[in-house]
Colleague: 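One structure is given below, represented as structure tokens, and several questions about it will come after.
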2 protein chains.
Amino acid sequence: MFSNTVKYAIKAVLYLAAYSDESNKIMIKDIANPINVPMAYIAKILQDLSRKNLVSSKRGPKGGFYLSDNNLKGNVHDLIEAVEGDDRISSCLLSLSECNASNPCSLHDLAYKEKQFLMQKLKETTLKTLAQDLKEGKTVLPL
Amino acid sequence: MFSNTVKYAIKAVLYLAAYSDESNKIMIKDIANPINVPMAYIAKILQDLSRKNLVSSKRGPKGGFYLSDNNLKGNVHDLIEAVEGDDRISSCLLSLSECNASNPCSLHDLAYKEKQFLMQKLKETTLKTLAQDLKEGKTVLPL
DNA sequence: ATTATAATATGATAAATATCATATTTAAGA
DNA sequence: TCTTAAATATGATATTTATCATATTATAAT
Ligand code: FES
Ligand code: FES
């Protein structure tokens with residue numbers, strides 16, 4: 001459903017959301033392992049997200065990545081959109097230019113409600129909330 | 001959400017479902033254009049589906065592809081599964097080996113209901129039904 | 001039987017994703 | 001100010017997915 005890049009981005013950001021803050025930055029080498037993503041790859045992804053201001057970073061000694069309070073207010077949908085331009089969920093399942101009821105593809109009726117619900121939730125769920133669940137052990141990050 | 005291969009497969013099969021039958025076979029070159037998929041590519045996909053008995057074919061003059069009455073009873077889910085082994089919808093959004101409530105990933109709670117509904121519908125919707133909608137002009141095939 | 005037609009099998013090329021590697025820049029601390 | 005530690009920028013390689021091309025096999029019609 002998501003590309004590896006998106007999955008990796010979500011995992012890394014949630015890891016940061018749960019275990020970092022401005023006074024507790026985390027280095028690439030300490031992120032890559034716990035979320036089980038190649039170091040150089042997650043570096044590239046986080047650098048991209050940093051450029052787009054979805055995560056915060058500081059270089060040099062004592063530097064690293066972290067989520068600011070502001071970053072924590074972000075939602076999953078924005079994150080997904082940031083790493084892969086188009087939106088694989090809201091777009092038409094069969095690649096019509098627009099997904100809407102007035103010109104529905106063959107799968108539209110069967111899927112649009114679920115797609116809408118999912119989109120809605122991805123937009124309203126903040127990173128902070130998900131991080132909370134993680135810290136409480138209610139959820140896990142793969143591998 | 002789906003790969004091009006899956007989208008192409010669905011489009012081709014629904015086209016056949018709507019406009020072919022045993023006494024009215026359709027050749028590759030007459031399928032590729034209306035569904036707007038590269039000819040050699042859709043050929044490869046249909047050949048694969050034919051091998052797996054999800055579509056029917058006959059070679060030589062007057063040959064071509066078509067859906068038998070039996071093929072028409074197939075559902076979209078089986079089609080998707082046939083062209084891409086793993087199931088992008090039912091599998092865990094963050095790649096846990098199993099998607100289930102007892103060991104949920106961070107996105108599980110927010111998505112599992114919708115994933116289940118979608119899966120359910122993909123399984124219970126037959127090609128015949130979708131073809132009917134197409135023929136009645138209720139739905140369209142992209143491009 | 002021979003010919004023409006259409007799928008089939010197979011392999012080659014191109015484009016997109018994912019992964020790896022490294023030189024450069026910024027900032028902390030001695 | 002010098003050294004060291006970290007992100008940043010950039011590019012190279014590998015893998016997967018998509019696309020293109022063609023020789024082979026089966027079958028209908030003559
Ligand atoms: S038009 Fe295709 S999913 Fe809505
Ligand atoms: S466990 Fe990840 S989606 Fe269910």
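Note that the structure is a prediction, hence the values are computed from the model and not measured. So you know, we letter chains A, B, ... as the sequences are listed, proteins then strands, and number each from 1.
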Colleague: Please assess A:D133 against A:T139 for the test side chain to side chain donor-acceptor pair (under 3.5 Å), listing each intermediate value before the final yes or no.
Modeller: CA-CA 6 Å; A:D133 290 347; A:T139 57; 5.3 Å; no
Colleague: Between B:Y15 and B:I26, is there a side-chain heavy-atom distance shorter than 4.5 Å?
Modeller: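 They are in contact (side-chain heavy atoms under 4.5 Å apart), so the answer is yes.
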Colleague: Between B:K25 (NZ) and C:dA6 (P), how many Å, whole number?
Modeller: 12 Å
Colleague: Does a side-chain N-to-carboxylate-O contact under 4.0 Å join B:K52 and B:D48?
Modeller: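 Judged by the 4.0 Å cut-off on N to carboxylate O distance, B:K52 and B:D48 do form a salt bridge.
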Colleague: Please tell me if the side chains of A:K25 and A:K62 come closer than 4.5 Å, counting only heavy atoms from C-beta onward.
Modeller: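 When only atoms from C-beta onward are counted, A:K62 and A:K25 do not touch, as no gap falls below 4.5 Å.
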Colleague: May I have the distance from B:I28 (atom CD1) to D:dA21 (atom C1'), rounded to whole angstrom?
Modeller: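 For the pair B:I28 CD1 and D:dA21 C1', the rounded distance is 15 Å.
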Colleague: May I ask you to check whether A:S23 and A:Y66 show a side-chain donor-acceptor distance below 3.5 Å?
Modeller: no
Colleague: Strictly distance-based, threshold 3.5 Å: is any side-chain N or O of A:S91 a donor or acceptor partner for the main-chain N or O of A:D87?
Modeller: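 At least one qualifying donor-acceptor pair exists.
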Colleague: A:K29 has an atom NZ; how far is it from atom P of C:dA21, in whole Å?
Modeller: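 Going from A:K29 (NZ) to C:dA21 (P), I get 18 Å.
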Colleague: How about CG on A:N100, more than 12 heavy atoms from neighbouring residues, nucleotides or ligands closer than 6.0 Å, or not?
Modeller: yes
Colleague: With sequence neighbours left out, which residue pairs that include part of residues 86-114 of chain B fulfil the ring pair (Phe, Tyr, Trp, His ring centres under 6.0 Å) condition?
Modeller: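 Qualifying pairs: B:H108-B:Y112.
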Colleague: Within this structure, what is the OH-to-C1' distance between B:Y66 and D:dT27, rounded to whole angstrom?
Modeller: 13 Å
Colleague: Just to be sure I understand the geometry, which residues of residues 32-62 of chain B put a non-hydrogen atom under 4.0 Å away from DNA chain C?
Modeller: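 Going residue by residue through residues 32-62 of chain B, the ones with a heavy atom under 4.0 Å of DNA chain C turn out to be B:K44, B:Q47, B:S50, B:R51, B:S57, B:K58, B:R59, B:G60, B:P61.
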Colleague: Given atom CE of A:M27 and atom P of C:dA27, what is their separation to the nearest angstrom?
Modeller: 18 Å
Colleague: Tell me the interatomic distance from B:E84, atom CD, to D:dT17, atom C1', rounded to whole angstroms.
Modeller: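 Answer to the nearest Å: 11 Å.
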Colleague: Please give me every residue in residues 2-21 of chain A whose heavy atoms get under 4.0 Å of an atom in DNA chain C, ordered by residue number.
Modeller: A:S3, A:N4, A:T5, A:Y8
